[in-house]
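Hydrogens, waters and symmetry mates are skipped; everything else that's a heavy atom, side chains included, is used. Just so it is clear, the structure is predicted and the values come from calculations on it, not from any experiment.
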Amino acid sequence: MNNRPKRPGSSRRKFLTAAAWVTGALWIPAHRGAIAKTTANDKLNIGIIGVGGQGAANTERVKSENIVALCDVDRRRLAEAAQKYPDAQTYVDWRKLLDQKGLDAVVISTTDHTHAPASCWAMKRGLGVFCEKPLAHSVYEARVVQELCQQTGVATQHGTQMHATDHYRRVVELVKSGAIGPVHEVHVWCGRIGPSPTRPKDEPPVPEYLEWDLWLGPAPWRPYHPSYLPGCTVWEQWWDFGNGCLGDMGSHLIDLPFWALDLGDPLTVEAEGSHHNPEAYPHWLIARWEHPAKGDRPAVRLTWYDGIQRPPSPPGHDLSKWGIGVMFVGEKGMLLADYSRKVLLPEDHFKDFEPPQPWIPSSPGHYAEWIQACKTGSPTLCNFVYAGKLIEHNLLGTVAFRAKTKLEWDPGALKAKNCPEADAFIRRPYREGWSLLPS
């Protein structure tokens, strides 16, 4: 997201105070060791893990700092990035990059199944970490990332860039101010349709520019095939590498009610889909989480839909025309929102409605928040404690779908109380030679 100017009369101190309030106890200050490496006016030495696609976009957002290391398993993309940053050292293995001396922070934009190990290894080395969504490939990974973030205190930020927009802030304020009354139901959807592929039978040669073994990383071994890559909408369909639309777009869309309603661990989760493919995400999926009451907020039922599925459309609004969206259902009305629109319903009831005076300050920018945190210890709104809990919550939807059972969730034990078969999907085994934490 573009850095936004501060509002007249605002101050950095006001921003930090409000940011900490909005995220509650989930704000984690940067580690003192990380702060000591630099001052607010110095430039960070940043390593880039994953330089193509979204990785290139993320690099553009932090290029005001020193880009000192580049890593990608695709040597073509690595060479292109090296032309832009000729002083940076290059690597094909992110584990080697993390051994480079003088690093302050890393930006991780790899495939989903390597997000958590690369993040954990970097945090263990005391580095600030910006990681693309989703932060983890399994519920277990998401929990370990949260715990390690708390232990190390390094500056972290999750690639849920919409969280930094003023639009999301205004939606959160409407919900929190009680504009539609207590909210007991939320519907979230994304129109992306999964191709649900089947494993190819032919085994073409690995392209000379691709480090296939490193691309697989901790995933189970399988022969190279071009149907696995490139692009997240391709590889994320495979359970070995991603968690489909829910794992991907759920990071952005469920983030809004997660923030607005201060959600956390669910009591139960269940899911259904177009069909069960043991290797890939279905054409469409519906997942439902039951959340307990919290403070003055009643119990909340959150439902996710993707592909062709949608919640029932409210009068006067055809949700089939909304590619993505969130619908909050309160006791006094409903609130429809996406990345740029927000509509209070029924519209005649809210025609004279005056929105609350904004109180959540504008972000200095999603990337600027993180850079500042690396330098000074200031808060980030999407630190890995907040983001890790969000991803843990979302991935429980895919666990319930694959386990074919409504799960009764025990967050302390990280287990479904009624379904031991879910363990195989909560924590996935790593291929020999790979580990979530460095030895």
State plainly whether the residues [X] and [Y] are in salt-bridge range, i.e. N to O under 4.0 Å.
X      : Y      : value
Glu279 : Arg222 : yes
Glu185 : Arg301 : no
Glu290 : Lys406 : no

Nearest heavy atoms of [X] and [Y], plus distance in Å:
X      : Y      : value
Leu345 : Pro314 : CD1-CG, 3.7 Å
Trp239 : Thr398 : CZ3-CB, 4.0 Å
Arg297 : Asp262 : NH2-O, 3.7 Å

- [ ] Determine, for Trp434 and Arg95, whether the Lys NZ or Arg CZ falls below 6.0 Å from the six-membered ring centre while staying within 45 degrees of the axis.
- [x] yes

Open item on the list: Whether Arg341 engages the ring of Trp322 as a cation-pi pair (distance to the six-membered ring centre under 6.0 angstrom, angle to the ring normal within 45°) should be assessed.
Closed with: yes

Around atom [atom1] of [X], are there more than 12 heavy atoms of other residues, nucleotides or ligands at under 6.0 Å?
X      : atom1 : value
Asp318 : CG    : yes
Arg427 : CZ    : no
Lys96  : NZ    : no

- [ ] Report the C-alpha separation of Ser227 and His225 in whole Å, then their side-chain angles, then the decisive distance to 0.1 Å, and conclude whether the side-chain hydrogen bond (donor to acceptor under 3.5 Å, both in side chains) test is met.
- [x] CA-CA 5 Å; Ser227 65; His225 197 276; 2.9 Å; yes

- [ ] Identify the residue among His137, His113, Glu141 that makes a side-chain hydrogen bond (donor to acceptor under 3.5 Å, both in side chains) with Arg428.
- [x] His137

Task: Expected output: side-chain Thr405 to main-chain Ala403 donor-acceptor under 3.5 Å - done: yes

Open item on the list: For a salt bridge (charged side-chain N to carboxylate O under 4.0 Å, His left out) check, start with the C-alpha distance between Asp248 and Arg192, then their side-chain angles and the critical distance, and finish with the verdict.
Closed with: CA-CA 10 Å; Asp248 181 12; Arg192 184 182 296 175; 2.7 Å; yes

Open item on the list: Looking only at side-chain N and O atoms, does Tyr386 offer a donor or acceptor that is under 3.5 Å from a partner on Asp255?
Closed with: yes

Open item on the list: Is the ring pair Trp212/Trp215 parallel, tilted or perpendicular, if the boundaries are 30 and 60 degrees?
Closed with: parallel

Task: Evaluation steps, side-chain contact (heavy atoms from CB on, under 4.5 Å), between Val326 and His187 - done: CA-CA 6 Å; Val326 179; His187 301 271; over 6 Å; no

